[in-house]
Amino acid sequence: MQTSGDMFPTDWSPPPVEFLNRPTGIPRAKRRLPKELAQDPLGFDPKEGLGSLEELFWNMAGPSQQAVTPEFASGGSERYVNSLDYLLQEKRMLVERFSVSLQVIPPVHPGETVFLPRRHPLPCILDSSHLKPHNHLEELFLSSPVAQQLSFLHNGLLSNLYLHTSDCPVPLLQWLFQLLTWPPETSSRAFALLWDLSVDGLFCQSDEDMRLWYPSLQEVMEAFHSLGAHNPALYPLGPFQHGSRLLESEASLSWLEQQDPPQEVALDLSLSYIYKFLTLCALAQRGAYTDTHLLGLIELLCRASLDVGLRLMPKTDLQQLLLLLLENIREWPGKLQPLCCALSWVSDHHHNLLALVQFFLDVTSRGRQLRSQLSLVVIARMLGQEELPLWQEKMQLSLLSQLLSLMRPSSLGQYLGSEPLPPCQEQQPKASAALDHKVCYMCHSLLTLAGVVVSSQDITSDQWGELQLLCMQLDRHISTHIRESPQAMHRTKLKDLATQTYIRWQELLAHCQPQAQYFSPWKDI
């Protein structure tokens, strides 16, 4: 290229590359480096190079690496020893420094251990001591052992005996109800016959004198015990005595030994049959259960449905039954406070209590009222604020505003981190990360419950200021205190929930905003 005063060169060809253009006049054997460069190429001194590498490595190493790294000798490299232990330690340090935490906020609640697996069901004995047979076939059925009685059920002979009769014996209905806890091959036939006999009996009676047999709370608890319930807290009214229909021996009938479906599927099927029959009873006879028994039954159903094996199972039958039981409570809303207090202690885990609130649908007035009040009680209990006036009317939003300030991650960290950090310095970062995950997990559940409290309210223009204060508290105490990090994805999920909640509350503010008073010059004319 020419170096003239012109800004643009006249020759645009690339510069030549020397090593690609071999000189043709010099033989290959005579192309040698100069003597000075051959003896000391590029002026490189091995000792100086080792020293510079030592200094570079020492400057890049951290304090812990400097303590572990052996000293280099300035006179040579024979004293430097690189061990496999040091390489492994260095690899663990790099992994801990750049690893991404796998601790996320789980979408499914942890559940409670309520039902233990049973290899064989508890035998059910039909109490036929007070029954008088009407024909030879019924006499044969009542006098047969349990195995042959079950064969009557499987072969459909019981339908011929008792369907479309004037009155079905109550011990038979009780026996069929207990058979709902058996494996699906038996429980499905027992449920079909129990349903047909009950519906047929309703159609055979007049509207004025309609009666239907329904299981008592004691019998429902016995059925749950047959399914494997072991938790003493499952029985809110205290321990019960087993009736004569249930034997303590768990010896199985030899002819029933078969390949059963998985434990969770069989348990869910049995509970579904029980829920459907109780729904029929709640519809047909609304006054069958007293308010005390209704509260105990609701608590019993909620405790059982929190079982670990039922977490991923649909809850449609349970939700419909709970709505009917709520509507059958006579003293309402007088029973709302004891019901919420009992349900708030069903579990000690915040996510389990959130799942319990979601068992109740918001399609009825009582359902929305229970969801709102129960969510507020759970938040207060998790934050240790049970002394607040939680039962005053039209105070939910103002109370929630007070509780939001306590849901700040730093405040939750002080509340949950009462235990001191481990003395070992290496374990303190892990303990701190575990506490951070615990705080975000709990804050996520409490914030979801706060959204339930607000969504269950009928927001009016009078409550516009309280809802606006809630939005300010949410942004001030939660959203601005969450520091997202690629190594802590649980913070990102919590921040997403806070943002979605804030947007939802802002939409409610826009719908319930009071109309402004505009100036009108013709107003006084």
Side-chain angles (χ1 to χ4, degrees), residues 114-128 137-138 140-163 168-169 171-200 213 215 219-230 242-243 245-281 304-305 307-310 312-318 321:
V114 179
F115 296 98
L116 294 179
R118 287 190 182 274
R119 295 187 59 187
H120 308 291
L122 293 179
C124 298
I125 306 301
L126 175 60
D127 184 12
S128 59
L137 184 60
E138 185 177 6
L140 179 61
F141 167 71
L142 296 177
S143 60
S144 299
V146 177
Q148 294 184 8
Q149 288 177 342
L150 291 175
S151 65
F152 272 75
L153 173 65
H154 284 264
N155 295 328
L157 296 178
L158 293 183
S159 300
N160 299 332
L161 277 177
Y162 296 105
L163 199 59
C168 183
L172 176 67
L173 299 176
Q174 294 173 335
W175 181 66
L176 292 175
F177 181 76
Q178 293 299 327
L179 286 179
L180 299 181
T181 63
W182 279 49
E185 181 181 352
T186 301
S187 61
S188 59
R189 297 178 185 271
F191 172 73
L193 181 58
L194 180 62
W195 185 275
D196 293 341
L197 293 176
S198 302
V199 174
D200 183 69
W213 175 84
E219 290 172 317
V220 177
M221 291 189 291
E222 290 179 1
F224 284 177
H225 173 75
S226 300
L227 289 172
H230 78 101
H242 297 291
R245 296 181 306 276
L246 288 175
L247 298 182
E248 292 299 332
S249 174
E250 299 189 10
S252 64
L253 302 174
S254 57
W255 67 276
L256 268 180
E257 295 183 358
Q258 53 189 352
Q259 293 295 329
D260 294 332
Q263 175 73 18
E264 293 80 8
V265 178
L267 177 62
D268 182 65
L269 283 174
S270 296
L271 290 176
S272 177
Y273 294 148
I274 295 175
Y275 296 160
K276 288 178 180 177
F277 184 71
L278 290 177
T279 301
L280 176 63
C281 298
S305 299
D307 183 70
V308 176
L310 302 175
L312 301 178
M313 299 298 179
K315 303 293 189 300
T316 305
D317 296 326
L318 172 69
L321 175 59

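Here the structure is a predicted model, which means the values were calculated and not measured.
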Are side-chain heavy atoms of Pro121 and Pro183 found at a separation under 4.5 Å?
-> yes

Within a strict 4.5 Å, meaning less than it, do heavy atoms of the Trp213 and Gln174 side chains meet?
-> yes

Minimum heavy-atom distance between Glu185 and Ser188, given as atom pair plus value | O-OG, 3.5 Å

Taking the side chain as every heavy atom from C-beta outward, state whether Phe277 and Pro215 have any atom pair closer than 4.5 Å.
-> yes

Is Val114 close to Phe224 at the side-chain level, that is, under 4.5 Å between some pair of heavy atoms?
-> no

So, for Glu222 and Gln178, which heavy atoms are closest and what is the spacing to 0.1 Å?
-> OE1-NE2, 3.9 Å

How many angstroms lie between CG in Leu137 and CG in Leu161, if you round to the nearest 0.5 Å?
-> 4.5 Å

What are the two closest heavy atoms between Pro314 and Asp268, and how far apart are they?
-> O-OD1, 4.3 Å

Side chains of Leu193 and Ser159 in contact at under 4.5 Å (non-hydrogen atoms) = yes

With no hydrogens and no angle check, is any side-chain donor or acceptor of Asn155 less than 3.5 Å from a backbone partner on Ser151?
-> yes

Listed partners of Asp317 passing side-chain hydrogen bond (donor to acceptor under 3.5 Å, both in side chains), at least two apart | Ser272

Atom CG of Leu271 and atom OG1 of Thr181: how far apart are they, to the nearest 0.5 Å?
-> 10.0 Å

Please round to the nearest 0.5 Å and tell me the distance separating atom OG1 of Thr316 and atom OH of Tyr275.
-> 12.0 Å

Contact summary for Leu318 and Ser305, nearest pair of heavy atoms = CD2-OG, 3.0 Å

Short question: side chain of Gln148, backbone of Phe141 - any donor-acceptor pair under 3.5 Å?
-> no

Look up atom CG in Leu153 and atom CG in Leu176, then write down how far apart they are to the nearest 0.5 Å.
-> 6.5 Å

Side-chain contact test, heavy atoms from C-beta onward, threshold under 4.5 Å: evaluate it for Leu197 versus Asp200 and give yes or no.
-> no

Ser270 (side chain) donor-acceptor with Leu180 (main chain) under 3.5 angstrom | yes

Rounded to the nearest 0.5 Å, how far does CG of Leu321 lie from NZ of Lys276?
-> 12.5 Å

Any side-chain heavy-atom pair of Leu280 and Ser198 under 4.5 Å | yes

Between Gln263 and Leu227 the two heavy atoms that sit nearest each other are NE2-O, 4.5 Å

Taking all non-hydrogen atoms of both residues into account, name the closest pair between Gln149 and Trp175 and its distance.
-> O-CH2, 4.0 Å

Leu179 versus Leu150: any side-chain heavy-atom pair under 4.5 Å?
-> yes

To the nearest 0.5 Å, tell me how far Phe191 CZ sits from Ile274 CD1.
-> 10.5 Å

N/O donor-acceptor pair under 3.5 Å between Trp182 side chain and Leu122 backbone = yes

